[in-house]
Amino acid sequence: MNRLAQETSPYLLQHADNPVDWYPWGEEAFEQARIQDKPILLSIGYSACHWCHVMEHESFEDDETARLMNERFVNVKVDREERPDVDALYLDAVIAMTGSGGWPTTVFLTPERVPFYGGTYYPPEPAHGMPAFRDVLRAISELYRERRGEVEGTAKRLEEALGRAGLAAPSAEPLTDELLRDASRGLRSQFDPEWGGFGGAPKFPPASTLEFLLRMHLRGDEQALPMVTKTLDAMAAGGMYDLVGGGFHRYAVDRTWLVPHFEKMLYDNALLVSAYLHAWVVTGTERYRRVVEETLDYALRELSLPEGAFASAQDADTDGVEGLTFTWTAAEGVPEELLQPFEDGRSIIRGELDEELRARLFASREQRPKPLRDDKAIASWNGLMLAALADAGRRLDRSDWLEAATRLGEFLLGPLSDEKGRLYRTYREGRAKNTGYLEDYADVAHGLYELHVATGELRWLEEANRLARLAVELFADDERGGFFLAPVHGERLIARQKSFDDHPTPSWNSMLAFDLLRLARIYGDD
């Protein structure tokens, strides 16, 4: 067992038996890097990540690779869901160095935590244009020992570039309707008219974009609604959407939404409940209402925790095989016309299932092993689910959903808050830890606001108002506007960042702006 055995994150605990001498992110690791004059190997991932599991099995469980890592590096493992500030910073560094990013994120740092080289997944042997991980380890170690000046120069340039992201001046352009029309036109240029969504493969569920287009439709944009309905229909056809058990997988590797990466994330399902719900409100399409019901049934069945919160994810793999729980063979009683080939003789279900067939297949599937569940509760993702449950409970007259939403609200303001009323980031097995980040405050305030609207109880509105105002106090950049990701009392990284992108959860800054606008309207507070 290594040091990760003392952690609460299921992702970190998965690596506690590795022969790698892992450290959690913290001063102990950085001090060792300074004392030993070794570079830091930072590996960032999350428990439901398929390629994270692959790299662990191929490299971190391999004795020779672990020996090389232990001899030449101080090795630090981070759960990106626990530390979104660390993840955002070093993912930006990898993107700056390579032009792309993803997980696992593999970054090499100086002992001062400044990056100088990085990438994502590395195979154990050269493949698909990627070098072998052991070759990378040797090359980086030699670079650090023999060409220190070059390393320090690269690190200095990257540190300056990362710092500039938080120093951007606010725009002087007026906020006009033309900005919205330009955004809608830009989306039309990227729209896939055959299969919906935006761009080609892989395709991620664009929940925030669909919400925007629904609002543009109500503002008179005649081309907005067809983009929404085409995308919602295609996503719900089966594959990325689980027709048997409800809920959405993480994303599709193709442009037709058929073959997913099979992890199921709480935030995707919360955001897509809201998107399908609002599309049902606008169009009256019964299929959208059914997707809402099936997805919330899935979340309450598979992700509910005893304390009233929701687990963060289900794994992509079952018994080491991707998608094993969710794929089928013709011998298992699925009509042949519903089966689309996947791999290893297994298939994905796509098409219309009547209720009798769906119930029979679900009962059969319940006998199979299930993927591992990451049972830590994350404040922001639970805030998004709170909003979805409250909004859907109100609009669809489901008292059971409103009861679940109320329990969740109590959890967020109870076990997931400290004695000063500040939010923690995560909770697992009775332990709340890590400071709350901007997205935690913004998303929880959003959820509490929706709970107030759904129930009429003043308490939830007052708490939404308190958290939003506290967020301004903790995260605001009074000089340049906007809000930093980490609070003023949080750990000082090499750069203090802001984020304005949906990735894929709503931009932390835009969600807080949304909260503040609605609260300003209610409280009459300019």
Side-chain angles (χ1 to χ4, degrees), residues 24-27 29-30 44 78-93 109 112-115 158-171 378-383 412-413 415-427 432-449 462-501 503 505-517 519-520 523 525-526:
W25 179 269
E27 187 54 40
F30 312 143
I44 305 173
V78 167
D79 182 341
R80 69 176 294 256
E81 297 168 357
E82 282 194 331
R83 291 300 303 264
D85 55 338
V86 172
D87 175 57
L89 179 67
Y90 292 106
L91 183 62
D92 282 355
L109 320 178
E112 290 72 39
R113 299 174 294 161
V114 183
L158 270 169
E159 185 175 16
E160 290 171 351
L162 293 169
R164 283 195 294 271
L167 301 177
S171 171
I378 297 173
S380 67
W381 303 0
N382 275 271
L412 291 166
L413 297 174
L416 213 51
S417 296
D418 69 13
E419 65 279 358
K420 296 180 180 178
R422 293 179 175 180
L423 292 171
Y424 290 107
R425 171 68 177 176
T426 61
Y427 177 96
K433 60 184 289 190
N434 297 312
T435 183
Y437 296 92
L438 176 61
E439 70 166 341
D440 298 307
Y441 285 82
D443 292 344
V444 171
H446 167 54
L448 292 171
Y449 179 97
E462 291 172 339
E463 290 292 342
N465 181 50
R466 180 184 66 81
L467 285 177
R469 290 179 183 276
L470 184 55
V472 173
E473 180 183 319
L474 295 176
F475 301 96
D477 182 346
D478 295 327
E479 183 179 353
R480 297 177 182 84
F483 300 89
F484 293 108
L485 304 188
V488 66
H489 64 276
E491 179 187 354
R492 285 289 186 183
L493 302 179
I494 62 168
R496 199 173 182 207
Q497 289 194 298
K498 297 176 189 171
S499 172
F500 302 98
D501 298 329
H503 56 86
T505 54
S507 154
W508 306 4
N509 269 273
S510 61
M511 181 60 87
L512 187 57
F514 187 41
D515 295 337
L516 293 171
L517 281 167
L519 291 165
Y523 282 92
D525 185 343
D526 289 344

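Numbers here simply count residues along the sequence, with the first being 1.
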Audit row: Val78, Asp87, side-chain contact (heavy atoms from CB on, under 4.5 Å) steps and yes/no = CA-CA 8 Å; Val78 167; Asp87 175 57; 5.8 Å; no
Could you walk me through whether Asp525 and Arg469 pass salt bridge (Lys or Arg N to Asp or Glu O under 4.0 Å), step by step?
-> CA-CA 12 Å; Asp525 185 343; Arg469 290 179 183 276; 2.6 Å; yes
Output, in order, the C-alpha distance, side-chain angles, deciding distance and verdict of side-chain contact (heavy atoms from CB on, under 4.5 Å) for Glu112 and Glu159.
-> CA-CA 11 Å; Glu112 290 72 39; Glu159 185 175 16; over 6 Å; no
Go through the steps for His503 and Trp508 under the test side-chain contact (heavy atoms from CB on, under 4.5 Å), then give the verdict.
-> CA-CA 10 Å; His503 56 86; Trp508 306 4; 3.4 Å; yes
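Note on Glu27 versus Arg113: no salt bridge recorded, every NZ/NE/NH1/NH2 to OD/OE distance being 4.0 Å or above.
Looking only at side-chain heavy atoms (C-beta outward), Leu512 and Tyr441 stay at 4.5 Å or farther from each other. Looking at Asp515 and Tyr449, their side chains never come closer than 4.5 Å, going by heavy atoms from C-beta outward. Leu448 is listed as a side-chain neighbour of Leu413, based on a closest heavy-atom distance under 4.5 Å. Residues Leu516 and Val472 form a side-chain contact, since some pair of their non-hydrogen atoms from C-beta on lies under 4.5 Å apart. A heavy-atom distance below 4.5 Å is found between the side chains of Pro115 and Leu162. Looking at heavy atoms from C-beta onward, Glu439 lies out of side-chain contact with Pro506 at the 4.5 angstrom threshold.
Residues Gly481 and Lys498 share a closest heavy-atom pair of O-NZ, 2.8 Å. Closest approach of Leu519 to Ala468, counting heavy atoms only: CD1-CB, 3.5 Å. The two residues Tyr424 and Pro415 make their nearest non-hydrogen contact at CD1-O, 4.1 Å. Shortest non-hydrogen contact noted between Ala464 and Ala445 is CB-O, 3.5 Å. When all heavy atoms of Ala432 and Leu416 are compared, the pair lying nearest together is CB-CD1, 4.5 Å. Scanning both residues, Thr505 and Trp381, for their nearest heavy atoms gives CG2-NE1, 4.5 Å.
Considering CG of Leu89 and CD1 of Ile494, their distance stands at 5.0 Å, rounded to 0.5 Å. We find the OH-CG distance between Tyr90 and Leu109 to be 5.0 Å, quoted to the nearest 0.5 Å. Note that the CG atom of Asp418 and the CG atom of Leu423 stand 8.5 Å from one another [nearest 0.5 Å]. Separation of atoms CG (Asp501) and CG (Asn509) is listed at 10.0 Å; rounding is to 0.5 Å. To the nearest 0.5 Å, atoms CD1 (Ile378) and OH (Tyr437) are separated by 11.5 Å. Between the CG atom of Leu167 and the CD atom of Gln497 there is a distance of 11.0 Å, given to the nearest 0.5 Å.
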Return all side-chain donor-acceptor pairs below 3.5 angstrom for residues 482-490, not counting sequence neighbours, or 'none' if the list is empty.
from   : atom 1 : to     : atom 2 : distance (Å)
His489 : ND1    : Arg422 : NH1    : 3.4
His489 : NE2    : Thr435 : OG1    : 3.3

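Using a distance-only test at 3.5 Å, with no hydrogens or angles considered, no donor-acceptor pair links the side chain of Lys433 to the main chain of Glu82. At distances below 3.5 Å, not a single donor-acceptor pair connects side-chain atoms of Arg83 with backbone N or O atoms of Asn434.
Ring geometry for Phe30 against Trp25 counts as perpendicular: the plane angle is over 60°, on a 0 to 90° scale with 30° as the lower cut.
Under the side chain to side chain contact (heavy atoms under 4.5 Å, CB included) criterion, Glu462 pairs with Leu458, Tyr523, sequence neighbours left out. Here Ser507 pairs with Ser510 under the side-chain hydrogen bond (donor to acceptor under 3.5 Å, both in side chains) rule; sequence neighbours left out.
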